[in-house]
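What follows is a short report on a single structure.
Protein chains get the first letters and strands the later ones, always in sequence-line order, with residue 1 at the start of each. Note that this is a predicted model, so its numbers are computed, not measured. Worth knowing before you read on, the calculation uses all heavy atoms, side chains too, and leaves out hydrogens, waters and symmetry mates.
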Amino acid sequence: MKKAGKFYVTTPIYYVNDVPHLGHVYTTVAADVLARYHRLEGREVFFLTGTDEHGQKADQAAARLSVPVEEHVEAHSAVFKNLWKDMGISNDDFIRTTDKRHKKVVRQALQTLYDKGEIYSDVYEGWYCVPDERFWTEKDLKGCGSGSSFGDGYGFGEANGAGFGDGSGLGYKEICCPDCGRPVQRIKEKNYFFKMGKYRDWLIDHIKNHDGFILPVSRRNEVLGFLEKKLEDLCISRPKTRMSWGIELPFDSGYVTYVWFDALLNYVSAPGLYAQDSRFDKWWPADLHLIGKDILTTHSVYWITMLKALELPIPKRIFAHGWWTIDGKKMSKSLGNVVNPSKIAEAVGLDQFRYFLMREVPFGLDGNFSINSLINRINVDLANNLGNLISRTLTMIKKYRGSVVPRKITGGTNVENIKTAAMNACERYSSHMGNAALSKALDEMIMLCDELNRFIVKSRPWTLAGKKGEEEKLDDILYGSAETLRVIGRMMVPFMPNSAQSLFKQLGLRAGYDGGTLEWGCVEGGHEIAPEGALFPRIDEKKADEVKDSITRPRGREPEKKSLEQKISIDDFKKVKIVTATIISAQPVPKSKKLLKLQVDIGYEKRQVVAGIAERCSPEELMGRRVLVVTNLKPVKIMGVESNGMLLAASDKGKLILAGTSEDAEPGLRIT
RNA sequence: GGCGGUGUAGCUCAGUUGGUUAGAGCAUGCGACUCAUAUUCGCAGUGUCCGGGGUUCGAAUCCCUGCACCGCCA
């Protein structure tokens, strides 16, 4: 039975500077699963994701690359868009905080709050780290020197504390930034503040009066704990003198909007706040904000009070899921254990990967990712259980009934058990999906597979085949098995859309079949099946090695096993002298396939350098190229030719990539 | 430092308001089947329920205390 209604689900908008990782994919796949589920249930769905593009980090990164910041964020936004294609994400919209439609809403929202007296300006004093461009509170500065680690959370990015210290008690001696260790300054600055604090009591009541508003319950309690103390007002501006990459305040052109204030509004700007009233009213409030646990406070406190002040309806639910570790360790760039989701999907199959993410860990708790657990999960659940089950059922229909699914037998008594089991499973499945208990929903699907396996073993159809008087019984069993598989397929659809389609096709259901409903007997039978071979191939040991290899090794590069471990000091690095150079001649080394003899101009002299690049580029291509050369290597003879230096270059799948400078440089400049 | 949480089989965890022999999946061992992707089914285990004390006829469960780990806040 189709239920009417709408479902508006969001992911956080991801910060453009982040390299996409498992965490981003986890949130977005979960949102996708729910979006697909609700569509299937007949609801109108609006599934929103996007990118957060303002703020200091994006600005700095663009500056480092000497690229206009607009271009930089455009390119990085596209990285996420492409990733979502790879992950089979069915989002209905993709919002960018640099979109006109968004900026307009942010400015109007700010103006509205300003006009209502919800925003005021004030001068605050605080400890400021100039190189890091951030304020610190007194407390932050206490243990001065120890490197406090700021998670590179995959929420909205900029980790700027909103609070400003009110400076008292600390003297001026030796006060330095807890992050970078450099001295901080005491500075005074005018800023704008949103009167968040006055909504504290209201917010506490709202949370207490709305069960399921913040899930899991442990997170709800965390927020309530946070609210027990005084709630400060929120600084929502940044002076352009410090950082100008943002949305200008409508009431003061000397400031841009604090990134969080800007970013959170994406949830209302996308459905058309202040622009398309009927559309906005249709979708808002959101039914579900899906977030990682790291951005719980911003969503349940900042965002909710912002909406309250704007007199907009409050979202129905915020669900904070857990984090993934990799082989038991926190994901981090410095550990080099950030796995590339696209590569995993490529190696084991997209649906298999999605299945693993949704099944392995109870939704809301932390989980651990390891290749072994990934492979084990795929083999046990998908290959041995579900895949094999499909295979054995289809084979029996092929062998015993000439590939035609028997017609439904009304009142057939042989299938009562499996029918009841299937319907009970459906009921629990739906209930879990409604609560976003995604792993439990998949548990139900797998337990139904177990049930069907047992049903087949108990009814022993192979002993009935060809026996007179047993035809109807065998028909009943085969129909029941096929119909149970159809129900299982229907459960698969939101999680593994492609595999579900393939299953339906193999079951002989029409192309584009949506799975029917979670009720018994949707399919009448009498049609022909179309087996296609294993839906979920087992990953045997040999294949497992290949998978591990392809996931572990950076794409297109040789393994760099030790380089991750062996750190060198800056002094070690300083021993290497690298200078800019121009290639003035290049010719093959006789009797060598790989070597080229180069003459390079390093400014103060000419050098002969032998490089092993002949297979990847021709001498002509190199003429006149600006390159980087190591000049203080001990000279060596290679195949009888002296080499007095080394050309810096990388190789990408046999293609030569020369190290150079972002712009043409005079020869002889030292790289430091 | 404040608040909260967790500690159960080799591993990951479930254990509802205290109630009989403490469960599931994975991994392990044995047996069976042959429709199936060396798949599936059945059986078998193993536990100081973190330590100590208490309440109770009875505690994994409630109370006190100690230890370990985690989260939020500072």
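Across all strands shown, B/rG71 is found opposite B/rC3 as a Watson-Crick or G-U wobble partner, with both distances under 3.5 Å. Pair assignment for B/rG18 gives none, since no Watson-Crick or G-U wobble pairing has each distance under 3.5 Å. Nucleotide B/rU28 is matched to B/rA44 when pairs are restricted to Watson-Crick or G-U wobble geometry with both distances under 3.5 angstrom. Pairing partner, B/rG51: B/rU65, with both Watson-Crick or wobble hydrogen-bond distances short of 3.5 Å.
Judged purely by distance below 3.5 Å, without hydrogens or angles, the side chains of A/R392 and A/N453 pair a donor atom with an acceptor atom. Between the side chains of A/S499 and A/Y355, no donor N or O sits under 3.5 Å from an acceptor N or O.
Residue contacts for A/N376: at a heavy-atom cut-off of 4.0 Å it reaches the sugar-phosphate backbone alone, with no base atom in range. Base contact: A/G387 has a heavy atom under 4.0 Å from a base atom. A/I390 comes within 4.0 angstrom of no nucleic acid atom, judged by non-hydrogen atoms across all strands. A/S218 comes within 4.0 angstrom of nothing in the nucleic acid, heavy atoms only. As judged by a 4.0 angstrom heavy-atom cut-off over every strand, A/R219 is placed among residues touching the sugar-phosphate backbone only. Backbone-only engagement by A/Y400 is indicated by non-hydrogen atom pairs under 4.0 Å involving sugar-phosphate atoms exclusively. Within 4.0 Å (heavy atoms only), A/N221 reaches no atom of the nucleic acid at all.
When each of A/F226 and A/T395 is assigned the nucleotide of RNA chain B bearing its nearest heavy atom, the one mapping closer to the 5' terminus is A/T395. Heavy-atom distances to RNA chain B give each of A/L389 and A/R460 a nearest nucleotide, and the one nearer the 5′ end belongs to A/R460.
Between A/R538 and B/rU39 there is a side-chain polar atom (N or O) within less than 4.0 angstrom of OP1 or OP2. Between A/K399 and B/rA36 there is a side-chain polar atom (N or O) within less than 4.0 angstrom of OP1 or OP2.
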